[in-house]
Every structure is written in structure tokens, then in C-alpha cells.
Amino acid sequence: MSSLKAYLIFLNIVLCFHVITSHTCHSFKNVTVLLHQKSGDPFNKTVNGCIERIEFNEKNVVTEAYIRNQSLPTLGRESVRNMVKLKTLVFWGCNIVNVESGAFRNLPRLKNLQISYGNLKEISRDVFHAAPTLELLRIHNNEIDIIADQALANLPGLKKIYAGNNMLEYWNREWFTNSTSLEIMDFQFNKIRTLPRRAFENLQNLKQIFFDYNEISNIHDNAFIGLKNLDYLGLRFNRLVSINENIFPSSLKIRSLLLDANYLNYLSNELLNKISVSELTLDGNPWKCPCLDRIHFWLHSSNGTLNKADSCTGSSIPDCAISKTYSTTCLETVDSDLTKKYIKSLRGLSKPLDKYCARTDYILIAV
Ligand SMILES: *[C@@H]1O[C@H](CO)[C@@H](O)[C@H](O)[C@H]1NC(C)=O
Ligand SMILES: *[C@@H]1O[C@H](CO)[C@@H](O)[C@H](O)[C@H]1NC(C)=O
Ligand SMILES: *[C@@H]1O[C@H](CO)[C@@H](O)[C@H](O)[C@H]1NC(C)=O
Ligand SMILES: *[C@@H]1O[C@H](CO)[C@@H](O)[C@H](O)[C@H]1NC(C)=O
Ligand SMILES: *[C@@H]1O[C@H](CO)[C@@H](O)[C@H](O)[C@H]1NC(C)=O
């Protein structure tokens with residue numbers, strides 16, 4: 001009995017101790033933080049423990065904090081807390097692998113948060129709850145392959161997210177529940193394979209959507225439903241074999257549409273009638289020649305401009321190819337033989353193409 005009592009007392013002490021120490025953070029050890037204040041020159045401060053009000057005297061006037069090029073593998077609980085005037089917080093090149101949930105606490109005016117050029121693997125569910133006024137989030141150039149559901153939800157001011165150069169294989173609309181102010185969505189250079197149904201339905205303020213340089217082979221029905229005007233829709237350097245018109249709402253206006261370097265043989269007439277485009281890039285696709293002509297005609301008659309792509313373009317790259325089943329009109333069917341032939345001709349060019357254009361990893365999708 002008495003040993004049980006002793007054990008309970010011991011447990012109690014352990015628990016109390018734990019409660020107290022959990023609010024002491026040890027994330028920063030001899031880390032130099034560049035600070036900007038409301039007035040006065042920026043200055044460097046060496047931080048041990050947390051970035052918090054008491055570190056920076058009574059007057060809480062720090063508005064920007066930058067931590068660059070320092071080793072900082074984990075942002076533990078309450079790494080940055082009670083910084084009520086802080087607007088900008090930047091971690092740049094800090095080999096951060098892990099941002100624990102609760103890493104940030106009470107950052108009521110934070111607008112810009114950047115955790116980039118690190119080794120971040122996962123965005124957990126409640127990391128950003130402490131910063132409800134966030135407007136700009138940069139988490140690009142990491143190794144993120146998991147973003148928890150709702151991780152970017154309930155951020156009503158969030159306008160821009162830059163999440164390119166990560167390892168994401170899928171994109172999920174549940175990430176953004178209630179974050180309806182989003183205007184720029186950038187997920188370039190990931191490994192995303194599909195865009196789901198009604199992906200952007202609740203994000204009607206979107207103006208720029210970047211999914212270039214992914215592995216998208218499938219865009220589900222109504223993916224772009226809810227959108228009326230886009231400044232930019234980037235789908236270049238993906239694996240699209242065809243684009244079904246039912247992914248778009250009727251009369252969608254797109255200022256810049258980038259489709260270069262996919263595996264497209266044609267765009268359907270229905271698609272061309274459904275959307276209008278001011279600027280288009282389409283180089284490096286195995287277009288059937290009559291289908292390419294039809295796109296040119298469509299663009300011309302709607303006063304659109306054809307732009308040259310950044311890469312996968314040039315006099316040596318064929319614009320289109322002739323099907324075995326020769327036709328003077330555009331047959332709206334996928335022709336995988338044509339695509340194979342086209343890719344082979346790209347690989348055979350004497351002047352080597354960049355790795356994205358050459359598609360050395362090309363696997364023909366069965367259709
Ligand atoms: C803190 O870092 C500086 C250089 O950034 C180094 O010169 C110094 O020795 C470090 N101090 C401790 C206690 O590690
Ligand atoms: C802060 O420290 C960084 C790197 O240690 C240095 O490059 C920079 O000039 C410093 N800035 C100020 C305002 O002292
Ligand atoms: C951080 O390091 C990279 C590469 O070592 C360098 O290019 C960059 O200028 C550095 N940034 C800062 C803010 O020191
Ligand atoms: C979205 O907002 C509504 C209304 O404020 C709320 O009821 C709902 O729980 C929120 N959704 C999530 C996933 O937090
Ligand atoms: C294209 O431009 C011409 C001349 O500016 C104009 O008359 C015509 O209505 C325009 N067509 C479309 C589809 O915008």
C-alpha cells in the first residue's frame with residue numbers, strides 16, 4: 001500500500017514537472033535572429049530558448065524576424081510565442097525537418113510566414129492556428145509529402161500559398177476548408193498525379209493556379225467548377241493525354257493557359273467552345289496536325305495570342321505529327337502510336353533537350 005502511495009506521489013511530481021517544463025522551449029540554441037522593430041534599425045540577437053516577448057524587453061515592438069542559414073532541425077512547441085506585433089516570420093535555409101503542432105502560439109498579427117529551403121516533411125493539422133491573420137504562406141523548397149486535412153483551413157485572410165518544389169503526390173481540397181480568400185495557389189514541381197472533383201469550388205477568389213511540373217495525368221470532372229476568371233492556369237510539363245471539357249465550367253475566361261509539354265494529341269471542339277483564352281502555350285505536345293490547325297484557328301478568331309514556351313520549343317522540335325490514319329480533319333481520339341513516335345523523335349534530336357522536355361521517364365499511359 002505504502003509503496004503504491006509513494007509511487008502516486010512520485011507520479012504526481014513527474015506530471016507537475018512535465019506540465020511546467022512543457023512551456024519552456026528549447027528550440028533555439030545560439031541562433032541569430034535578425035529583428036526589425038517599429039522604429040530604429042534592424043539588429044541581430046542571439047536567441048536561446050524561444051522567440052518570445054520577454055526575450056526582447058518589455059516593449060513588444062518586434063515586427064519582423066528572420067532566421068537564415070542556421071541549423072535548426074526541429075521547431076518544437078511554442079518556439080515562437082506571444083509576439084503580438086510580429087507581422088513577418090521567416091525561416092530560410094534552416095534544414096528544418098519537423099514543425100511540431102503548437103510550434104507557434106499567440107501570433108495575432110502575423111501576415112507573412114515562410115519556412116523554405118529546408119527539409120520539412122509534413123505539415124500537421126494545427127500548426128497555423130496560432131496565426132489566424134496569415135495572408136502569405138511560403139513552404140516551398142522542402143520535402144513535404146504529407147499535409148494533414150484542414151492544415152490550412154480557417155485562415156480567412158490567406159491570399160497566397162507557395163508550396164512548390166516539394167514531394168506531394170496528391171492535392172486535397174480539405175486542406176483549405178474556410179480559407180476562401182485564396183488568390184494564388186502554387187504547387188509547381190511536386191509529384192501530384194490527379195486534380196480531384198470540384199477541387200476549387202469553394203475557392204472562388206482564385207486568380208492564379210500553378211500546377212506546372214507535376215505528374216498530372218487525370219483531372220476529374222468539374223475540377224474547375226466555381227471559377228469564372230483566371231489570370232493564370234499552369235498545367236505545363238505534366239502527363240495529360242487528353243483534357244475533358246467537363247473539367248471546366250461554361251464560359252471560363254483564362255488569360256494565360258499553359259499546356260506545353262504534355263502528351264496531348266488534340267483539344268476537343270467542345271472544350272474550345274467552352275473556354276476563352278487570351279494567351280496560350282502548347283509546344284512540345286504530340287499534336288495531330290489538323291488538331292493543331294484547329295487550335296490556331298480558334299485562337300485567332302477569339303483574338304488570342306500563341307506564346308512560345310520557355311523550354312521544349314525551337315526549330316528542331318516538331319509542332320505536330322501525322323497519324324497513320326491520315327485525316328484532314330481533327331479526329332478527337334488519343335493516338336498513342338503517334339505520341340510514342342513524337343517522343344522518340346524528341347529524344348533523337350542532336351541538340352539534347354532539358355530533362356523535362358525529353359521525358360526520359362516517359363511511360364505510355366494505357367488508354
Ligand atoms: C554561438 O555561435 C557563434 C557563431 O554563430 C559561435 O562563435 C559561438 O561560439 C557560439 N556559442 C556557443 C555557446 O555555442
Ligand atoms: C546579422 O547577422 C548576419 C549573419 O550573421 C549578417 O550577415 C548581417 O549583416 C547582420 N545584420 C545586422 C543588422 O547586424
Ligand atoms: C544562405 O546560404 C546560401 C547557400 O549557401 C546562400 O546562397 C544565401 O545567400 C545564404 N543566405 C543568407 C541570407 O545568408
Ligand atoms: C468552417 O466554418 C464554419 C462556419 O464558421 C464552421 O462551422 C466549420 O466548423 C468550419 N470548418 C472547419 C473544418 O473548421
Ligand atoms: C477581335 O478583335 C476584333 C477587332 O479588334 C473585334 O472586332 C472582334 O469582336 C474581336 N473578337 C472577339 C471574339 O473578341
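Each residue takes its place number in the sequence, starting with 1.
Ser302 OG to Ile275 CD1: the interatomic distance, rounded to the nearest 0.5 Å, is 9.5 Å. For the atom pair Asn244 CG and Ser242 OG, the distance stands at 7.0 Å (nearest 0.5 Å).
For Lys207, the NZ atom sits in a packed shell: over 12 heavy atoms of surrounding residues, nucleotides or ligands are nearer than 6.0 Å. Counted within 6.0 Å of NZ on Lys274, heavy atoms from surrounding residues, nucleotides or ligands total more than 12; the atom is thus considered enclosed. Within 6.0 Å of OH on Tyr170 lie more than 12 heavy atoms contributed by other residues, nucleotides or ligands. Within 6.0 Å of NE2 in His220 there are more than 12 heavy atoms belonging to other residues, nucleotides or ligands.
Glu52 has no carboxylate O lying under 4.0 Å from a charged side-chain N of Arg105, or vice versa, which leaves the two without a salt bridge. Looking at Glu183 and Lys160, no side-chain N of the basic residue comes within less than 4.0 Å of a carboxylate O on the acidic one, giving no salt bridge. A salt bridge is defined here as a Lys NZ or Arg NE, NH1 or NH2 lying under 4.0 Å from an Asp or Glu carboxylate O, and Lys308 with Asp283 meets this definition. Between Asp221 and Arg197 there is no salt bridge, since none of the side-chain N atoms of the basic residue sits less than 4.0 Å from a carboxylate O of the acidic one. The existence of a salt bridge linking Lys85 and Glu64 is excluded, since no basic side-chain nitrogen approaches an acidic carboxylate oxygen closer than 4.0 Å.
Counting only distance, with no hydrogens or angles, the side chain of Arg294 and the backbone of Leu267 share a donor-acceptor pair below 3.5 Å. Distance alone, capped at 3.5 Å, places no donor-acceptor pair between the Asp260 side chain and the Arg236 backbone. Of the possible donor and acceptor atoms, none in the side chain of Thr305 sits under 3.5 Å from a partner among the backbone N and O of Glu279. Side chain of Thr194 to backbone of Asn218: no donor-acceptor contact under 3.5 angstrom is found. The closest donor-acceptor contact from the side chain of Ser181 to the backbone of Pro156 lies under 3.5 Å. Side-chain atoms of Asp126 never come within 3.5 Å of backbone atoms of Gly102 as a donor-acceptor pair (strictly under, hydrogens ignored). Counting only distance, with no hydrogens or angles, the side chain of Asn190 and the backbone of Ala163 share a donor-acceptor pair below 3.5 Å.
Ring to ring, His129 and Phe104 are not that close: their centroids are 6.0 angstrom or more apart. Aromatic pair Phe200/Phe224: ring centres closer than 6.0 Å.
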- Report the C-alpha separation of Lys288 and Asp335 in whole Å, then their side-chain angles, then the decisive distance to 0.1 Å, and conclude whether the salt bridge (charged side-chain N to carboxylate O under 4.0 Å, His left out) test is met. CA-CA 9 Å; Lys288 297 179 184 177; Asp335 184 339; 5.1 Å; no
- Decide disulfide bond (SG atoms under 2.5 Å apart) for Cys320 and Cys289; before the verdict, give the C-alpha distance in whole Å, the side-chain angles of both, and the deciding distance to 0.1 Å. CA-CA 5 Å; Cys320 62; Cys289 291; 2.1 Å; yes
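Residue Thr180 comes nearest to Asn202 through the heavy atom pair CG2-O, 3.2 Å, listed as atom of the first residue, atom of the second, then distance. Heavy atoms only, all atoms of each residue included: Ser27 and Gly76 are closest at OG-N, 2.7 Å. The shortest non-hydrogen separation linking Arg198 to Arg173 is O-NH1, 2.6 Å. Nearest approach of Ser179 to Asn154, heavy atoms of both residues: OG-N, 3.3 Å. Minimum interatomic distance between Leu306 and His296 (heavy atoms only, all atoms of both residues): CD2-NE2, 3.4 Å. The heavy-atom pair separating Ile139 from Ile144 by the smallest distance is O-CD1, 3.6 Å.
Linking ILVMFWY residues whenever their side-chain heavy atoms come closer than 4.5 Å, directly or via other members, places Leu72 and Leu120 in the same cluster. Neither Phe210 nor Leu195 shares a network with the other; the hydrophobic side chains, linked directly or stepwise wherever heavy atoms of I, L, V, M, F, W or Y lie under 4.5 Å apart, form separate groups for each. Hydrophobic clustering (ILVMFWY, side-chain heavy atoms < 4.5 Å, transitive): Leu252 and Leu257 are in one cluster. Ile225 is not connected to Ile209 by any chain of hydrophobic side-chain contacts under 4.5 Å among Ile, Leu, Val, Met, Phe, Trp and Tyr, and they are in different clusters. In the hydrophobic cluster analysis, where Ile, Leu, Val, Met, Phe, Trp and Tyr join through side-chain heavy atoms closer than 4.5 angstrom, Leu227 is grouped together with Leu233.
In this structure, a donor-acceptor pair under 3.5 Å is present between the side chains of Asn82 and Asn106. In summary, the side chains of Thr281 and Asn307 do not present any donor paired with an acceptor at a separation below 3.5 Å, with no hydrogens or angles considered. A donor atom on one side chain and an acceptor atom on the other are not found under 3.5 Å apart for Gln208 and Asp231. Side-chain contact annotation: Thr88 with Asn112, donor-acceptor N/O pair under 3.5 Å present. With no hydrogens or angles considered, no side-chain donor-acceptor pair links Asn166 and Asp145 at under 3.5 Å. Of the N and O atoms on the side chains of Thr177 and Gln150, at least one donor lies less than 3.5 Å from an acceptor on the other residue. Using modelled atom types, one finds no donor on one side chain facing an acceptor on the other under 3.5 Å when comparing Ser268 with Glu270. Side-chain atoms of Ser323 and Thr325 include no donor-acceptor pair closer than 3.5 Å. Between the side chains of Tyr232 and Asp212, a donor-acceptor pair is found at a separation under 3.5 Å.
Between Phe176 and Phe187, the ring planes lie perpendicular to each other; the angle is over 60°, past the 30° to 60° tilted range. Under the 30°/60° scheme for interplanar angles, the aromatic rings of Tyr213 and Phe189 are found to lie parallel.
Residues Asn119 and Asn142 fail the side-chain proximity criterion, which asks for heavy atoms closer than 4.5 Å. Counting only heavy atoms from C-beta outward, the side chains of Trp287 and Asp319 never approach each other to under 4.5 Å.
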